[in-house]
Amino acid sequence: SSLRSVETSLKQRRHDSAATGEARIDGDARPPRRGWLRWLPGIALARRYDMAWLRNDLVAGMVMTAMLVPVGVAYAQASGVPGINGLYATIVPLLAYALFGPSRILMLGPDSALAAVIVATIAPLAGGDPARAVALASMMAVVSGLVCIGVGVAKLGFVTELLSKPIRYGYMNGIALTVLLSQIPRLLGFRVGEPGPLRQAWGTVRGVLDGETNLAALAIGGSTLALILVLKRWPRLPGLLIAVVAATLAVALLDLDRTAGIAVLGPLPQGMPTPRVPMIHAADWAPVIVGGFAVALVSFAATSVLSRVYAARLRAPVDPNQEMVGLGAANLAAGFFQGFPISSSSSRTPVAEAAGAKSQFTGVVSALAIALLLLVAPNLLRYLPQTALAAVVIAAAIGLFELADLRRIHRIQQWEFWLSIVCFAGVVVFGAIEGIAMAIVIAVIEFLWDGWRPHSAVLGRVDQVRGYHDITRYPDARQVPGLVLFRWDAPLFFANAELFHRRVHEVIAASPTKVRRLVVSAEPVTSVDVTAADVLRGLVEELRADGIDFCLAEMKDPVKDKLRRFELFDCIRPDRFFATVGEAVHAYLAAYPVEWSDWQDRQP
């Protein structure tokens with residue numbers, strides 16, 4: 001749903017640009033591919049910055065400031081750290097990404113999708129100590145940053161593609177529910193100390209039954225949530241800002257923090273974040289490293305998808321590996337300036353684009369404006385109610401849910417739908433980090449399964465249809481006497497080599513005539529490893545002992561080169577490789593006198 005809102009915003013933007021004659025942001029001047037500047041796209045962009053963009057970037061930066069402040073504070077508290085650290089995790093990462101990030105308008109900062117992972121890691125370790133929670137969260141950001149930079153430098157940006165769409169939906173839906181359950185008590189005006197989604201759900205029910213609900217807090221928070229959701233229908237309106245300002249004014253003017261007991265944010269510390277190396281206990285390293293890897297996975301999966309969407313729509317090609325470097329640099333900046341792990345945002349970026357952002361200077365303007373707020377007016381957010389911050393996070397969590405496409409997946413491929421449900425249940429029952437680990441394991445199993453137990457077929461000739469086809473799909477297909485045409489629809493590797501061996505013997509045993517030659521249609525075989533090569537050697541020798549000739553057709557040259565390197569050409573002669581299945585059939589008919597009439601030979 002978030003990506004659909006991105007696409008809708010971009011379509012509207014293109015429509016407005018066409019109507020006003022505004023020039024499109026495109027990739028006409030790409031960053032250099034060589035030299036040290038390729039690692040600093042921000043400098044390359046600054047050198048060719050079009051001053052006509054300046055007004056748009058200034059306006060968009062101020063619009064984003066109004067959104068980033070309440071979002072940063074809300075996501076910080078949802079992540080288990082003080083609200084001020086959400087602003088620290090916004091200011092410095094925006095500046096870092098402007099220097100290292102390749103995307104022109106991608107907005108980075110605290111994200112609701114990471115909140116569940118962060119709080120699940122640091123809450124059991126911090127023991128209620130805010131300073132320790134900040135140190136743990138900052139070290140998670142450092143770990144996440146190093147992972148992302150390592151992925152980018154090693155050019156491993158493609159790894160995010162290993163998570164299929166149903167799996168991504170599963171863990172994101174689980175994280176969305178986890179965040180939602182963690183914020184409902186704050187919306188109702190009380191706290192639940194138990195960690196974990198199920199315990200929080202039970203704690204919320206128990207709190208409501210025990211009469212802990214603060215009706216005034218519920219009224220303010222519920223109204224804020226309703227207003228945010230209603231104003232989403234008009235994306236050009238700063239709905240979140242309007243709702244939060246209204247809630248803050250209501251609390252301040254009616255003195256609800258004192259008369260109704262509504263918890264408020266209170267005054268923020270004055271001044272800028274100072275650089276600090278996060279120090280944690282030795283016993284905390286293992287969970288922090290695991291959590292850092294988990295948030296890295298979530299953040300670079302979301303960032304790579306969002307970056308590709310904008311690159312395609314705005315015709316501004318983006319290097320996915322440099323995107324990981326930019327994301328990693330932003331996380332390192334957050335970690336060393338008292339922040340916590342951050343990511344791109346599919347809710348803030350469309351706002352920046354709709355506000356007219358032309359470059360990352362928009363993020364720089366936002367960062368400087370937030371810094372100025374902390375220096376000049378730190379008490380401006382003093383009366384911001386906690387229940388309104390909970391409403392902000394809940395609204396973001398609702399946007400993370402993906403249900404419509406899951407219904408489509410259930411209709412067209414039920415096993416992948418249930419795969420998504422398993423990932424969802426893993427996050428909800430075991431926690432965000434364990435659920436993400438489960439999603440990775442399931443993704444690897446899913447990736448291997450298609451190659452582990454692939455489809456195979458015996459081929460035959462069908463009258464009036466060119467080529468050779470699966471005899472199970474074409475019952476009228478005729479097989480050449482004494483010849484078995486066998487197609488294997490996967491690479492040959494260690495996990496399926498024995499299955500290949502077994503199926504070859506099965507199709508030979510099932511042949512209606514005594515088999516003289518087996519031809520493997522090898523076009524789908526894109527690779528062969530050492531284990532499979534050894535199995536193949538043994539199979540060829542077994543068939544030769546039974547008087548059956550082994551041949552290969554349509555094998556790609558790189559795979560054939562592997563067979564030569566594996567020294568298989570001493571048992572499979574070069575003349576047993578055929579360019580096509582048809583050529584292999586003609587060679588068989590020339591070598592063996594069999595009764596065979598091809599429908600093409602009967603054509604007038």
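Reckoned from all heavy atoms, side chains included, excluding hydrogens, waters and symmetry mates.
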- request: Drop me the distance from I370's CD1 to M272's CE, to the nearest 0.5 angstrom.
  value: 10.0 Å

message: Set out, in order, the CA-CA distance, both residues' side-chain angles and the distance that settles side-chain contact (heavy atoms from CB on, under 4.5 Å) for R186 and I184, then state yes or no.
response: CA-CA 5 Å; R186 293 179 61 206; I184 288 178; over 6 Å; no

- prompt: Does the side chain of W488 come within less than 4.5 Å of N496's, by heavy atoms?
  reply: yes

- request: Provide the closest heavy-atom pair for A243 versus I228 in the form atom of the first, atom of the second, distance.
  value: CB-CG1, 3.5 Å

field: D489 to P454 - nearest heavy-atom pair and separation
entry: O-CB, 4.0 Å

query: Is F190 atom CZ crowded by more than 12 heavy atoms from other residues, nucleotides or ligands, each under 6.0 Å away?
result: yes

Salt-bridge present (D529, K562; N to O < 4.0 Å): no

task: Output the distance between atom CG (L114) and atom CE (M140), rounded to the nearest 0.5 Å.
output: 8.5 Å

message: Does any part of the side chain of L374, heavy atoms only, come nearer than 4.5 Å to the side chain of Y88, both counted from C-beta?
response: yes

task: Among I122, L136, V119, find the one that has a side chain to side chain contact (heavy atoms under 4.5 Å, CB included) with V81.
output: I122

message: Quick one about E323 and Y97 (side-chain donor to acceptor, distance below 3.5 Å, no hydrogens or angles considered), yes or no?
response: yes

task: Kindly determine whether Q360 and S103 satisfy side-chain hydrogen bond (donor to acceptor under 3.5 Å, both in side chains), including the steps that lead there.
output: CA-CA 8 Å; Q360 282 298 329; S103 177; 5.0 Å; no

- request: Check P166 against I409 and note the closest heavy-atom contact, atom names and distance.
  value: CG-CD1, 4.1 Å

message: Whether the side chain of T224 engages the backbone of V244 through a donor-acceptor N/O pair (distance < 3.5 Å, no angle test) should be reported.
response: no

task: Would you mind reporting whether I280 and W285 have side-chain heavy atoms less than 4.5 Å apart?
output: yes

statement: Of all heavy-atom pairs linking L108 and A330, the shortest is CD2-CB, 3.7 Å

- request: State whether the side chain of Q322 and the backbone N or O of F100 hold a donor-acceptor pair below 3.5 Å, judged by distance alone.
  value: yes

message: Taking the side chain as everything from C-beta on, heavy atoms only, tell me whether S527 gets closer than 4.5 Å to V559.
response: no

- prompt: If only atom types and distance count, is the side chain of T531 paired as donor or acceptor with the main-chain N or O of F494 below 3.5 Å?
  reply: no

field: Backbone of P185 reached by a side-chain donor or acceptor of R191 within 3.5 Å
entry: no

task: Answer yes or no: is there a donor N or O on one side and an acceptor on the other, between the side chain of D57 and the main chain of K358, under 3.5 Å?
output: yes

message: Quick check: closest heavy atoms across L181 and T204, and the distance to 0.1 Å?
response: O-OG1, 4.3 Å

- prompt: Would L332 and L146 count as a side-chain contact (heavy atoms from CB on, under 4.5 Å) if you check the C-alpha gap in whole Å, the side-chain angles of each, and the deciding distance to 0.1 Å?
  reply: CA-CA 7 Å; L332 281 181; L146 292 175; 4.1 Å; yes

message: Does any part of the side chain of S299, heavy atoms only, come nearer than 4.5 Å to the side chain of S144, both counted from C-beta?
response: yes

Check: S366 side chain, T362 main-chain N or O, donor-acceptor pair, under 3.5 Å: yes

message: Within a 6.0 Å radius of atom CZ on R453, are there more than 12 heavy atoms belonging to other residues, nucleotides or ligands?
response: yes

query: Can you tell if the side chain of C148 reaches within under 4.5 Å of the side chain of V325, non-hydrogen atoms only?
result: no

- prompt: Can you name the nearest heavy-atom pair linking A96 to A329, along with the distance?
  reply: CB-O, 3.9 Å

message: Please determine whether side-chain contact (heavy atoms from CB on, under 4.5 Å) holds for the pair F493 and V528, giving the CA-CA distance in whole Å, both sets of side-chain angles, and the decisive distance to 0.1 Å.
response: CA-CA 6 Å; F493 66 113; V528 177; over 6 Å; no

CZ on F336 to CZ on R276, rounded to 0.5 Å: 13.0 Å

field: Nearest-0.5 Å distance, CD1 of residue I394 to CD1 of residue I398
entry: 7.0 Å

Donor-acceptor contact present, side-chain Q338 to main-chain T274, <3.5 Å: yes

message: Applying salt bridge (Lys or Arg N to Asp or Glu O under 4.0 Å), can you list everything that pairs with R408, at least two apart in sequence or on another chain?
response: D405

- prompt: Out of L87, I342, L68, which residue meets the side chain to side chain contact (heavy atoms under 4.5 Å, CB included) rule with P110?
  reply: I342

N173 side chain reached by V427 side chain, heavy atoms, under 4.5 Å: no

query: Which distance, rounded to the nearest 0.5 Å, do you find between the CZ of F424 and the OH of Y169?
result: 15.5 Å

- request: Keeping the roles fixed (side chain from Q77, backbone from S79), state whether a donor-acceptor pair exists under 3.5 Å.
  value: no

message: Are the side chains of V73 and V71 in contact, using a 4.5 Å heavy-atom criterion?
response: no

message: I149 vs V153, test: side-chain contact (heavy atoms from CB on, under 4.5 Å). Steps then yes/no.
response: CA-CA 6 Å; I149 290 175; V153 172; 4.0 Å; yes

- prompt: Taking atom CG of L368 and atom CG of L373, what is their separation to the nearest 0.5 Å?
  reply: 12.5 Å

